[in-house]
Amino acid sequence: YRKPQEIIINNSKFLLGHGDGLGPGDQIYKILKKVFSNKVCQFLFSIIPPIIGMGIAKMWSQKSRLHNNTDEVFLGDKEWLYIYCKEVEETSHHDYYIFGHRHLPLDLIVGEDSRYINLGEWIKYCTYASFDGEKLCLETFG
């Protein structure tokens, strides 16, 4: 899904999404997302020889979050997905906001009966969310 999806499970309302490009931050990713989803850019990438495309992909991955841990720092009041959840909550209540783009496990209170869960990731934290039909928990595997 390109945009967050709203679903209801056992009378609990969820807003689920990757989390990329939401809220007031993440400006570099927002620009890159426009480039990657641009049909002209996709066509141009498709006509370059695979060896060059793989070289570009390898170079890009070396700059990823696996090699740059600055995205794994809690931003407090400037946590942009948390700000996004609070803004959405003002106009449309959700029991749970679940995202993963930040790669940082978070479980934050958004409103009186609403929470933002950021799933974390499997390489460093091994975290995931579990919903038993009534309650959602951020868990650690292993």
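- Each of Ile83 and Tyr97 belongs to its own hydrophobic cluster when Ile, Leu, Val, Met, Phe, Trp and Tyr are linked at side-chain heavy-atom distances under 4.5 angstrom.
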Listed pairs under 3.5 Å, donor-acceptor, residues 38-52 side chains, sequence neighbours left out:
from  : atom 1 : to    : atom 2 : distance (Å)
Asn38 : OD1    : Val40 : N      : 2.8
Asn38 : OD1    : Cys41 : N      : 3.0
Gln42 : NE2    : Phe36 : O      : 2.8
Ser46 : OG     : Phe43 : O      : 2.6

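- Residue Tyr125 holds its OH atom at 11.5 Å from CD1 of Ile123, rounded to the nearest 0.5 Å.
- Between the side chain of Thr140 and the backbone N or O of Cys126, no donor-acceptor pair lies under 3.5 Å.
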For residues 4-17, which side-chain donor-acceptor pairs fall under 3.5 Å, sequence neighbours excluded?
from  : atom 1 : to     : atom 2 : distance (Å)
Gln5  : NE2    : Lys3   : O      : 2.9
Glu6  : OE1    : His94  : NE2    : 2.7
Asn10 : ND2    : Gly133 : O      : 3.2
Lys13 : NZ     : His93  : O      : 3.3

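- Counting all heavy atoms, side chain and backbone alike, Cys85 lies closest to Phe99 at SG-CE1, 3.8 Å.
- Contact annotation: the side chain of Tyr84 never approaches that of Tyr116 to less than 4.5 Å [non-hydrogen atoms, C-beta and beyond].
- A pairwise comparison of heavy atoms in Leu108 and Phe74 identifies CD1-CE1, 3.9 Å as the closest pair.
- Ile109 meets the side-chain contact (heavy atoms from CB on, under 4.5 Å) test with no other residue; sequence neighbours excluded.
- In this structure, the side chain of Arg102 does not engage the main chain of Glu79 through any donor-acceptor pair within 3.5 Å.
- Heavy atoms only, all atoms of each residue included: Leu104 and Val73 are closest at CD2-C, 3.9 Å.
- Between Glu89 atom CD and Glu87 atom CD the span is 12.0 Å, to the nearest 0.5 Å.
- Of all heavy-atom pairs between Gly120 and Thr127, the closest is CA-OG1, 3.4 Å.
- The nearest pair of heavy atoms linking Glu134 to Asp132 is N-OD1, 2.8 Å.
- Of all heavy-atom pairs between Phe141 and Tyr128, the closest is N-CE2, 3.8 Å.
- Annotation: the span from Tyr96 atom OH to Lys135 atom NZ amounts to 8.5 Å, rounded to 0.5 Å.
- Looking at heavy atoms from C-beta onward, His101 lies out of side-chain contact with Leu22 at the 4.5 angstrom threshold.
- Both Val88 and Trp80 are part of a single hydrophobic cluster, where members link through side-chain heavy atoms under 4.5 Å apart.
- Put simply, CG on Leu106 and CG on Leu81 are 9.0 Å apart, with the number rounded to the nearest 0.5 Å.
- Interatomic distance, CG of Leu136 versus CG of Asp107, reported as 7.5 Å (0.5 Å rounding).
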